[in-house]
Amino acid sequence: MVRLLWEVGKRSFRRATTYRLATASGAFINTVFGYIRATILVYVATVSGGEVRGLSAQELATFAFMSQGFIMIVGAFGSFELPTRIRSGDIEVDLYRPADLQLWELANWLGRSAFQVLARGIPPVVLGMLAFDLRWPDPTWHWAVFGLAAVAATVVGFALRFCSNLLAFWLIDTRGVDQMVTLAVSFFAGLILPISLFPPWLEALARALPFASMIQLPVEIFLGLYTGWGLVWVIGQQLLWAIALLLLGRMMLASATRRLVVQGG
Amino acid sequence: MRLETARAELRLYRHIVGARIRSDWQYRTSFFTYLSAQVIFIAFELVALIILISLVPKFGGWDRAEIIFLYALATLPFSLGDVFISEVERLANTYVRTGDFDSVLLRPSSALVQILALEFELRRIGKLLPPAAALGWAAINLDITWSAGKAGMVVLALLGGTLIYSALWVIAGSITFWMVDFREGTNALTYGSQFANQYPLHVYPGWIRAIMGWALPLAFVAYVPTVFLAETANPLGLPAWFAVAPPVVALVLIAVAVVMWRTGIRHYQSTGS
């Protein structure tokens with residue numbers, strides 16, 4: 001089973017490498033947005049005496065580029081393959097496979113994400129270094145912790161979309177729901193603005209939602225804002241959201257499979 | 001284009017768009033879900049902007065009303081372009097990649113008009129609401145005396161901005177005739193422009209200002225009109241005659257867009273062997 005999922009992930013990685021120019025153009029747009037956001041955030045920190053809400057200009061610039069790098073890794077804008085297959089009835093074939101649908105899709109998602117780390121995650125940050133002083137995780141072991149947080153963020157991103165995609169079993173058109181999830185992610189994950197700059201009540205709300213685990217928390221870990229038990233709690237939060245959303249997805253899948261009727265005969 | 005032809009194109013456009021609206025209206029729940037998603041999306045951006053500028057007493061020496069006015073002048077024209085012209089974004093994936101552009105070219109009508117009509121989506125009008133509300137709020141709270149002349153200049157700025165963004169959309173669409181996979185990258189011209197335009201030009205470093213002022217004349221959409229209309233701090237020392245420049249800049253950019261579109265169509269090769 002593990003071997004099978006490994007192969008699924010590997011092929012998904014390979015499939016993602018096919019579209020070179022499209023990938024480059026995506027990395028380009030992430031970099032452009034990174035530059036604009038970093039400039040604005042650094043400006044705000046500079047006129048506030050070098051720091052705003054406890055974040056330095058250097059940390060905010062790093063936030064701008066890292067959050068752009070995370071978009072495709074965690075799939076912030078979603079994936080539309082599964083609902084299309086549910087609508088067309090092709091999902092029946094997927095359910096016949098001798099592998100669990102959720103794990104299969106997760107392997108698929110992780111394979112693609114691994115490619116996106118190289119293609120869309122690293123380039124904006126490296127290109128950002130040309131004009132901005134960015135902050136790197138300090139002790140070497142911090143990279144390992146960040147790696148764990150990034151994987152957890154990717155799993156949360158998957159689990160969330162898996163749930164919203166499965167709604168296609170009940171609704172004909174899930175694009176509206178998917179758009180709403182994308183909206184929530186871009187605002188509450190810290191993509192439009194780091195949620196640490198929100199007014200305190202809104203920041204508290206954003207931190208209580210699963211979206212923060214996708215971008216805000218891993219980037220904060222990258223910046224080294226947490227140490228000791230604080231760090232353990234933040235990663236624990238990400239893992240809890242990942243598990244909770246995966247379980248929700250399983251429950252939805254079980255109930256959807258029971259009501260699945262495929263047309264034709 | 002002769003007047004008759006133009007009239008025929010307009011009739012065709014109205015006809016197809018009318019049909020599109022009627023078909024959207026058949027699925028009302030879906031329509032209103034999408035419409036609210038569009039409103040919320042733009043509203044979230046505005047909320048983030050307000051949160052950000054509230055962190056400092058003055059943003060680039062401008063007060064809150066001046067920044068919101070700038071935001072409105074940058075975003076309302078963009079949303080208008082989004083409603084009517086952004087459909088050209090579909091060119092790459094829906095028409096060029098599949099080769100369906102062939103059938104568009106075969107029909108005795110302008111290719112651009114056909115795409116703009118066929119891909120029209122009424123739900124995009126949701127994007128007009130937040131910037132329109134912001135414009136109203138800023139107009140009341142700006143520390144200036146309004147006159148008919150000033151109101152006229154706002155209309156002119158909105159018109160110029162809409163034309164500039166529309167030209168950028170057509171240019172972005174034309175690029176995909178050469179590089180169909182570069183579609184996402186062309187978002188830098190459209191969405192990137194709109195985002196960069198929401199903040200005063202003088203907070204950007206010189207090289208970004210050079211891109212936004214000269215390479216892509218984005219500064220003329222919102223920054224230039226805001227400096228003169230809101231009578232606010234002008235640290236870049238823009239000369240007063242710049243105030244009437246936006247429509248002229250728009251016409252130049254439209255000429256560029258037309259040339260690129262025509263060259264692009266000539267360059268188009270269908271798919272297949």
Side-chain angles (χ1 to χ4, degrees), chain A residues 18-49 52-53 55 60 72 77 120 131-132 171-188 190-195 197-199 202-203, chain B residues 27 29-61 92-93 123 175-176 179-200 202-205 207-209 211-212:
Chain A
T18 321
Y19 308 98
R20 303 261 161 78
L21 181 62
T23 305
S25 85
F28 167 70
I29 184 77
N30 291 146
T31 310
V32 169
F33 271 93
Y35 264 86
I36 303 171
R37 282 182 206 284
T39 306
I40 300 298
L41 290 171
V42 166
Y43 170 81
V44 170
T46 313
V47 295
S48 316
V52 60
R53 292 293 200 82
L55 290 171
L60 286 167
M72 291 306 285
F77 297 155
R120 304 279 298 261
F132 291 91
L171 311 166
I172 303 289
D173 189 354
T174 55
R175 282 176 301 176
V177 180
D178 273 314
Q179 261 182 2
M180 291 294 180
V181 174
T182 303
L183 280 174
V185 171
S186 33
F187 192 73
F188 290 110
L191 195 52
I192 299 185
L193 194 68
I195 62 178
L197 300 183
F198 284 4
L202 194 59
E203 180 184 353
Chain B
Y27 303 94
T29 318
S30 182
F31 174 78
F32 283 112
T33 317
Y34 288 137
L35 187 76
S36 17
Q38 307 276 352
V39 177
I40 298 170
F41 186 73
I42 301 292
F44 271 171
E45 257 188 20
L46 177 57
V47 169
L49 178 109
I50 293 172
I51 293 174
L52 191 70
I53 61 172
S54 306
L55 292 169
V56 286
K58 281 206 158 190
F59 196 97
N93 290 334
R123 60 167 179 264
I175 292 176
T176 59
M179 298 188 288
V180 70
D181 276 339
F182 198 68
R183 205 204 65 65
E184 207 180 343
T186 63
N187 281 350
L189 279 179
T190 51
Y191 295 93
S193 299
Q194 180 247 0
F195 179 55
N197 256 345
Q198 295 176 349
Y199 297 94
H202 54 263
V203 306
Y204 292 107
W207 65 275
I208 295 187
R209 281 210 304 272
I211 296 176
M212 291 177 61

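Heavy-atom basis, side chains included; hydrogens, waters and symmetry copies ignored. Chain naming here is simple, since letters A, B, ... match the order of the sequence lines and numbering starts at 1 in each.
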How long is the straight-line distance from [atom2] of [Y] back to [atom1] of [X], given to the nearest 0.5 Å?
{"X": "B/I50", "Y": "A/L193", "atom1": "CD1", "atom2": "CG", "result": "12.0 Å"}
{"X": "B/E184", "Y": "A/N30", "atom1": "CD", "atom2": "CG", "result": "7.0 Å"}
{"X": "A/F33", "Y": "B/Y191", "atom1": "CZ", "atom2": "OH", "result": "9.5 Å"}
{"X": "B/F41", "Y": "A/M180", "atom1": "CZ", "atom2": "CE", "result": "12.5 Å"}

Contacting region of [X] [heavy-atom separation from chain B under 4.5 Å]:
{"X": "A/R20", "answer": "neither"}
{"X": "A/L21", "answer": "both"}
{"X": "A/L41", "answer": "side chain"}
{"X": "A/V44", "answer": "both"}
{"X": "A/Y43", "answer": "side chain"}

Could you have a look at B/S36, B/A196, B/S30 and say which one has the most heavy-atom pairs with chain A under 4.5 angstrom?
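Among the listed options, the one with the most contacts to chain A is B/A196.
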Sort out for me which of B/T33, B/T186, B/V180, B/L55 touches chain A most, counting heavy-atom pairs under 4.5 Å.
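Among the listed options, the one with the most contacts to chain A is B/L55.
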Would you mind reporting whether A/T39 and B/P205 have side-chain heavy atoms less than 4.5 Å apart?
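Yes, side chains in contact.
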I want to check something: taking the side chain as every heavy atom from C-beta on, are B/F195 and A/I40 in contact at a cut-off of under 4.5 Å?
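With C-beta onward as the side chain, the pair stays apart.
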Minimum heavy-atom separation for [X] and [Y], please, with both atom names.
{"X": "A/G176", "Y": "B/Y34", "answer": "N-CE2, 3.7 Å"}
{"X": "B/F44", "Y": "A/F188", "answer": "CZ-CE1, 4.3 Å"}
{"X": "B/A48", "Y": "A/I192", "answer": "CB-CG2, 3.3 Å"}
{"X": "A/S25", "Y": "B/G185", "answer": "OG-N, 3.3 Å"}

Region of [X] that comes under 4.5 Å of a non-hydrogen atom in chain A:
{"X": "B/I40", "answer": "both"}
{"X": "B/V203", "answer": "both"}
{"X": "B/Y27", "answer": "neither"}

Working note: B/Y204 + A/I36, criterion side-chain contact (heavy atoms from CB on, under 4.5 Å); need CA distance, chi angles, decisive distance, verdict.
CA-CA 8 Å; B/Y204 292 107; A/I36 303 171; 3.6 Å; yes
Name the option with the most non-hydrogen atom pairs under 4.5 Å to chain B; the candidates are A/L197, A/V177, A/V42.
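Among A/L197, A/V177, A/V42, the one with the most close pairs to chain B is A/L197.
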Is atom CZ of B/R209 surrounded by more than 12 heavy atoms (other residues, nucleotides or ligands) closer than 6.0 Å?
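Yes, CZ of B/R209 has more than 12 neighbouring heavy atoms, counting only those of other groups under 6.0 Å.
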